[in-house]
There are 2 protein chains.
Amino acid sequence: MGGKDINKSTEEKIKAAARTVLYKKGFAATRTRDIAEEAGMNLALINYYFRSKKKLFEIIMSETIAVFAGKLMQILNDQATSLEKKIELIAACYIDMFTEEPEMPTFIVSEIRNHPEAMLKRIPVKQAFSQSYFIKQFELAVAAGKVTEPNPFHFIMNLLGLIVFPFIGKPMLMASAGLNKTQFNQLMQERKKSIPIWIKAVIKAT
Amino acid sequence: MGGKDINKSTEEKIKAAARTVLYKKGFAATRTRDIAEEAGMNLALINYYFRSKKKLFEIIMSETIAVFAGKLMQILNDQATSLEKKIELIAACYIDMFTEEPEMPTFIVSEIRNHPEAMLKRIPVKQAFSQSYFIKQFELAVAAGKVTEPNPFHFIMNLLGLIVFPFIGKPMLMASAGLNKTQFNQLMQERKKSIPIWIKAVIKAT
DNA sequence: GTCTATAACGTGATAGAC
DNA sequence: GTCTATCACGTTATAGAC
């Protein structure tokens, strides 16, 4: 099983390298050679372990969406947390995730554009969202008059927009404000606290 | 000059086709053959008029950024409009722009990721923003105690996030809410009015 | 499992006729 | 200016030695 362990290890090395390169350059712009070089391995091993560039990409893509959407659904469906707490948890969770993997959001939106089937088939997004515990809580809050914007779709767009957009627009924003990486990350940390406050203002302002 | 007119026309046809295909697929994934087919013209004409795929791309990219950033700067620098009016104008302008060109925002963020030099060189974003009339107005509002979030950078991130993110996340959002194109556009139109209201709530909530 | 060498293919670009 | 035919190159993928 020493052999097995080494196999597993090289396979994981290739996947990790693929993730790094694909996140940064996207499917069409990355060459299998880039992945092999990043992994410090021979080009032929990629086809040996993953059959093709496309198969490897689909694995990375699937796992990425699973992490991204899974974490969101997990928080939205937690019956032990309030609506307010859910907002805080989502902001903190995604700001940490994207601070560690800054290329992930742009990778997701770019590749979903180029391969819409790849995600629509994989996850029953619609049911997962409309049947979530969050929706029940939100409707209750609307009925109780605590929320003046009654559309949960606007709510989730606004929340995700406030969280995700700075990471997607990072190059533009950093350039226009003259920020370095540390300053940018500092600002994102501040947003963990301010986004929940803003969202509460937003859902009462309509 | 009949000849000249025809030339101009084919050149413009190629540019229009290139814009369509590039917006949808990005630089790396589009083939010059795709552009030729979209334009209903011969492959060789692309090189005849634009020398190379890259040159053609750079023209499209430049014009796109010029339109996108130019419109924003124009509104931010207008000395005749109040801060509140500027928010309304920006929301209305970009929601209309992206409703007509839905692939534009994702094109911009994807290609800036892949060619960061291409934009950073082209426009002095930093000075344009920090020296804009908007910044003066914003600082005045802060000094007058009208705005409790004193960081204009957060302000612009939030505004752009609320406007742009729904268009970037469109495939995900449409799938998770089960919307068709008309319903989506309807929601975006609603946001022309609600975003300014939300932003006012946001800048007073911190 | 890992390497080298190479096949098979797609794509950007051009030469040259019209 | 526009077309057809083709070159030149880079890239994915595989065959076969080790």
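Protein chains get the first letters and strands the later ones, always in sequence-line order, with residue 1 at the start of each. Model, not experiment: these values are computed from the prediction.
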Between C1' of C:dG12 and CD1 of B:I46, the distance in whole Å
10 Å

Reading nucleotides 10-17 of chain D from 5' to 3' and marking B where a protein heavy atom lies under 4.0 Å of the base, S where only the sugar-phosphate is that close, and - otherwise, the string is -BBBB---

Separation of C:dG12 C1' from B:F50 CZ (nearest whole Å)
16 Å

Expressed as a whole number of angstroms, how long is the span from A:E11:CD to C:dT2:P?
11 Å

Holding to side chain to side chain contact (heavy atoms under 4.5 Å, CB included), I want the full list of residues that pass it with A:K53, two or more places apart in sequence or in another chain.
A:F27, A:T30, A:T32

Just list the side-chain donor-acceptor pairs under 3.5 Å for residues 68-79 of chain B, sequence neighbours left out, or say none.
residue : atom : partner : partner atom : Å
B:N77   : OD1  : B:Y133  : N            : 2.9
B:N77   : ND2  : B:M73   : O            : 3.3
B:D78   : OD1  : B:A80   : N            : 2.8

According to side chain to side chain contact (heavy atoms under 4.5 Å, CB included), who are the partners of B:K15, at least two apart in sequence or on a separate chain?
B:E12, B:F50, B:L56, B:I59, B:I60, B:E63

Do any side-chain atoms of residues 190-197 of chain B form donor-acceptor pairs under 3.5 angstrom with protein atoms, and if so which ones, sequence neighbours left out?
residue : atom : partner : partner atom : Å
B:E190  : OE1  : A:H154  : NE2          : 3.1
B:R191  : NH1  : A:H154  : ND1          : 3.0
B:R191  : NH1  : A:N158  : OD1          : 3.1
B:R191  : NH2  : A:N158  : OD1          : 2.7
B:R191  : NH2  : B:L162  : O            : 2.9
B:K192  : NZ   : B:D96   : OD1          : 2.8
B:K192  : NZ   : B:D96   : OD2          : 3.2
B:K192  : NZ   : B:Q189  : OE1          : 3.0
B:S194  : OG   : B:E190  : O            : 3.3

Counterpart residues, side chain to side chain contact (heavy atoms under 4.5 Å, CB included), relative to A:V109 (two or more places apart)
A:I168, B:I168, B:M172

